[in-house]
Amino acid sequence: MAAPDDEATVPTPGGEGLPELLAARRRKLERLRAEGIDPFPPEFDGVVPTADVRAAHEDLADGAEADARYRVAGRLAARRGGGKAAFLDLVDRSGRIQLHARVDVLGQASLDRLVGLDLGDLIGVDGTVFRSRRGELSLRVEDWTLLAKSLRPPPEKHHGVQDVETRLRHRELDLIGNEDARARFVTRARIVSALRRGLDEAGFVEVETPVLQPLYGGANARPFTTHHNALDRELFLRIAPELYLKRLIVGGLERVYELGKDFRNEGVSHKHNPEFTMLEFYEAYADYGDVATRTEQLVAAAAGAAGYAGELDFTPPWRRETLTEAIRSRTGIDILAAHDRDALAAAMAARGLTVPPEDTWAQLVDELVSKHVEPTLIQPTFLTDYPVELSPLAKRHRDDERLVERWEAYAQGMELANAFTELNDPDEQRRRFEQQRADAAAGDAEAQPYDESFLQALEQGMPPTGGVGLGVDRLVMVLTGQRTIREVVLFPAMRDEGETAR
RNA sequence: GCGCGUCUAGCUCAUCGGGUAGAGCACCGGACUUUUAAUCCGGCGGGCUGGGUUCGAGUCCCAGGACGCGCACCA
């Protein structure tokens, strides 16, 4: 990032402080080079995680020496003493270990050079295990190697980086300075692995479908658009992989899933990032009840992999409640009885609820759910059986033609997943697209485009199928106890910034 | 997009009714062979940007920027 001449060209907001700190590190870099030391050597073989060292010597008594030698590597995080002996703390991905450096082992020159390193420098160490009189498992440094010089000051050693903007724009500093951030992203990886493992073991095939799509679909959202020069055409970043995955079901893959990024050109909030990670899976010969069971199991397994120990109970089966009943119990409004725009608006107004004047019936239902139902769904819950108007890709309910076989899964007052028994009647799908086209003509910016190619695939014959879309970032939020999505996304969307020193 | 709030040293934070801004960590120099927020002595370093009011502005006013919270938007 910062070229050496940055300091000369960029106005320095911090006065003389930062340049002096940078200059001090560069002086050390040059001194090391002058002493014939390569500050950026190419490798360091045979490194063992510090957690392994710790685990192997749990029983070592205070003040005792072990007959074991280890090679560890990491970042220099703290330093105590000097002169004839010093203690240093080394941090790697697995944790932290104390080093003890003594002049009678290393010689004065090597000790001085080690003590003269900057906090944040990366070093490799060969050392023998002992436990200090105060009970701290330590390595006595027998040999050490500079692995990379750090030319910028590290975060404050006790408090880490607190400033939210710095933590997000320079996530590396967050990860260096804040152990909980490091742990959280490792947990995220474990959750993703658990989801993949669960589907793989159930015989699902992982696939990759286009991110750049000639026509977007599979969700109600505004897309990002881009342009392909050679083809000279507009393309969309996908808002969902749904339609492609169903074509694979038509093709006979029977159980498919895709885990990847979707893109929606909408607002940023504590639970929305313009690019986010979605898991979609489709299962032939299954309905929405079957995939609800599978979702419960997958999420419960992910919670286990994350070591989740919070207030939520993900043990199957989760609570199930119909959407109609959920709205009725919270507001007293029966959306099926008030089944047109004016009737529903009147019912809402009669109860003192605000009625957005431009909203359609479907949007009013959405409003009731998000304002009055969603916040009450703390424990994992399936909200089932949605009005057909809200769900252009879902199959009509087998017992009630006003509804579709659809559920959304909620936890911690937040939507985690959405699923249907998939609509596989091509003629009805065509009618639903036509309705969407009418909605778009009436000004609905999020109506789904008419996709003739997808309709042709359905005409080929799609088996009865259950499909699920699960918001992975939100699941990670819930399982790691985070209130905002940007704490679980490594590099969340941020406004542009004039590149100043951090 | 709207409203409210925040912005002080590299980092974490103080301070004041408008009158020459402090600490800890880090950094530089020195002491120290079992420390662990090591300690001790000495040193370096600062008011988001741009206007305005005022004898004097980090402090009051205006505009801008970034960030935070809420709302709006949001399968």
Side-chain angles (χ1 to χ4, degrees), chain A residues 11-25 27-28 62-63 77-89 96-106 111 115-116 118-120 130-138 140 152-169 173 177 217-222 239-240 242 262 264-274 276 278 280 356 363 366-367 370 386 390-394 406 408 415-420 445-446 448 468-471 483-484 486 494-498 500-502:
Chain A
T12 314
E16 295 305 308
L18 181 58
E20 175 48 37
L21 293 177
L22 299 181
R25 284 173 181 252
R27 283 196 297 273
K28 289 191 186 180
D62 292 0
R79 176 178 49 219
R80 298 172 288 282
K84 301 261 189 315
F87 292 89
L88 305 107
D89 288 347
R96 175 183 288 248
I97 197 162
Q98 174 169 271
L99 308 175
H100 189 207
R102 300 169 47 144
V103 68
D104 54 1
V105 177
L106 289 172
L111 177 65
V115 172
D118 288 312
L119 297 192
F130 72 102
R131 193 178 291 280
S132 73
R133 290 201 291 257
R134 306 273 179 98
E136 182 78 23
L137 191 76
S138 309
R140 174 151 300 125
R152 284 182 178 270
E156 212 268 356
K157 71 179 179 184
H158 320 304
H159 303 93
V161 187
Q162 298 300 319
D163 180 67
V164 174
E165 184 176 359
T166 305
R167 289 182 42 238
L168 300 183
R169 288 194 194 278
L173 295 178
N220 297 316
R222 292 183 220 197
I239 59 173
E242 172 155 354
D262 290 348
R264 298 186 185 175
N265 204 341
E266 287 161 354
V268 175
S269 82
H270 68 104
K271 51 184 179 180
H272 296 87
N273 197 56
F276 62 100
M278 177 79 98
E280 290 206 12
Q363 287 167 326
D366 227 24
E367 166 95 2
S370 58
Y386 280 58
L390 273 58
S391 318
L393 300 168
R406 172 181 179 184
E408 291 189 343
E415 180 191 346
L416 293 183
N418 178 33
F420 340 117
E446 292 170 356
Q448 303 199 21
V468 176
L470 185 147
R483 288 175 46 253
T484 72
R486 53 170 201 233
M494 300 281 284
R495 202 174 304 258
D496 215 10
E497 171 198 47
T500 59
R502 63 171 190 259

### Query
Looking at B/rG10, B/rC28, B/rA66, which one has an atom nearest to any side-chain atom of A/Glu165?
B/rA66

### Message
According to side chain to side chain contact (heavy atoms under 4.5 Å, CB included), who are the partners of A/Arg140, at least two apart in sequence or on a separate chain?
### Response
A/Glu65, A/His100, A/Arg102, A/Val105, A/Thr128, A/Phe130

### Task
Taking side chain to side chain donor-acceptor pair (under 3.5 Å) as the test, write out the residues that go with A/Gln363, two or more places apart.
A/Thr360

### Query
If the C1' atom of B/rA38 is compared with that of B/rC32, how far apart are they to the nearest Å?
11 Å

### Task
For A/Glu367, check salt bridge (charged side-chain N to carboxylate O under 4.0 Å, His left out) against everything at least two apart and list the hits.
A/Lys371

Between protein and nucleotides 33-36 of chain B, what N or O pairs are separated by less than 3.5 Å?
{"residue": "B/rU33", "atom": "OP2", "partner": "A/Lys84", "partner atom": "N", "Å": "3.3"}
{"residue": "B/rU34", "atom": "O2'", "partner": "A/Arg133", "partner atom": "NE", "Å": "3.3"}
{"residue": "B/rU34", "atom": "O2'", "partner": "A/Arg133", "partner atom": "NH2", "Å": "2.5"}
{"residue": "B/rU34", "atom": "O2", "partner": "A/Arg133", "partner atom": "N", "Å": "3.3"}
{"residue": "B/rU34", "atom": "O4", "partner": "A/Arg140", "partner atom": "NH2", "Å": "3.1"}
{"residue": "B/rU35", "atom": "OP2", "partner": "A/Arg134", "partner atom": "NE", "Å": "3.0"}
{"residue": "B/rU35", "atom": "OP2", "partner": "A/Arg134", "partner atom": "NH2", "Å": "2.3"}
{"residue": "B/rU35", "atom": "O2", "partner": "A/Arg80", "partner atom": "NE", "Å": "2.7"}
{"residue": "B/rU35", "atom": "O2", "partner": "A/Arg80", "partner atom": "NH2", "Å": "3.3"}
{"residue": "B/rU35", "atom": "O2", "partner": "A/Gln98", "partner atom": "OE1", "Å": "3.0"}
{"residue": "B/rU35", "atom": "N3", "partner": "A/Gln98", "partner atom": "OE1", "Å": "2.9"}
{"residue": "B/rU35", "atom": "N3", "partner": "A/Gln98", "partner atom": "NE2", "Å": "2.9"}
{"residue": "B/rU35", "atom": "O4", "partner": "A/Gln98", "partner atom": "NE2", "Å": "2.9"}
{"residue": "B/rU35", "atom": "O4", "partner": "A/Ser132", "partner atom": "OG", "Å": "2.7"}
{"residue": "B/rU36", "atom": "OP2", "partner": "A/Arg134", "partner atom": "NH1", "Å": "3.1"}
{"residue": "B/rU36", "atom": "O4'", "partner": "A/Arg80", "partner atom": "NE", "Å": "3.0"}
{"residue": "B/rU36", "atom": "O2", "partner": "A/Gln98", "partner atom": "OE1", "Å": "3.3"}
{"residue": "B/rU36", "atom": "O4", "partner": "A/Ser132", "partner atom": "OG", "Å": "3.4"}

### Task
Identify, with sequence neighbours excluded, every residue that meets side chain to side chain contact (heavy atoms under 4.5 Å, CB included) alongside A/Lys271.
A/Ser269, A/Glu374, A/Met414, A/Arg474

## Note on the structure
Those residues at least two apart in sequence (or on a different chain) that pass salt bridge (charged side-chain N to carboxylate O under 4.0 Å, His left out) with A/Arg131 are none

#### Entry: Rounded P spacing from B/rC27 to B/rC11 in Å
15 Å

### Residues forming a salt bridge (charged side-chain N to carboxylate O under 4.0 Å, His left out) with A/Arg133, sequence neighbours excluded
none

### Message
Once side chain to side chain donor-acceptor pair (under 3.5 Å) is applied, do any residues pair with A/Arg483, and if so which ones, sequence neighbours excluded?
### Response
none

Report each atom pair, protein N/O against N/O of nucleotides 1-5 of chain B, whose distance is under 3.5 angstrom.
none

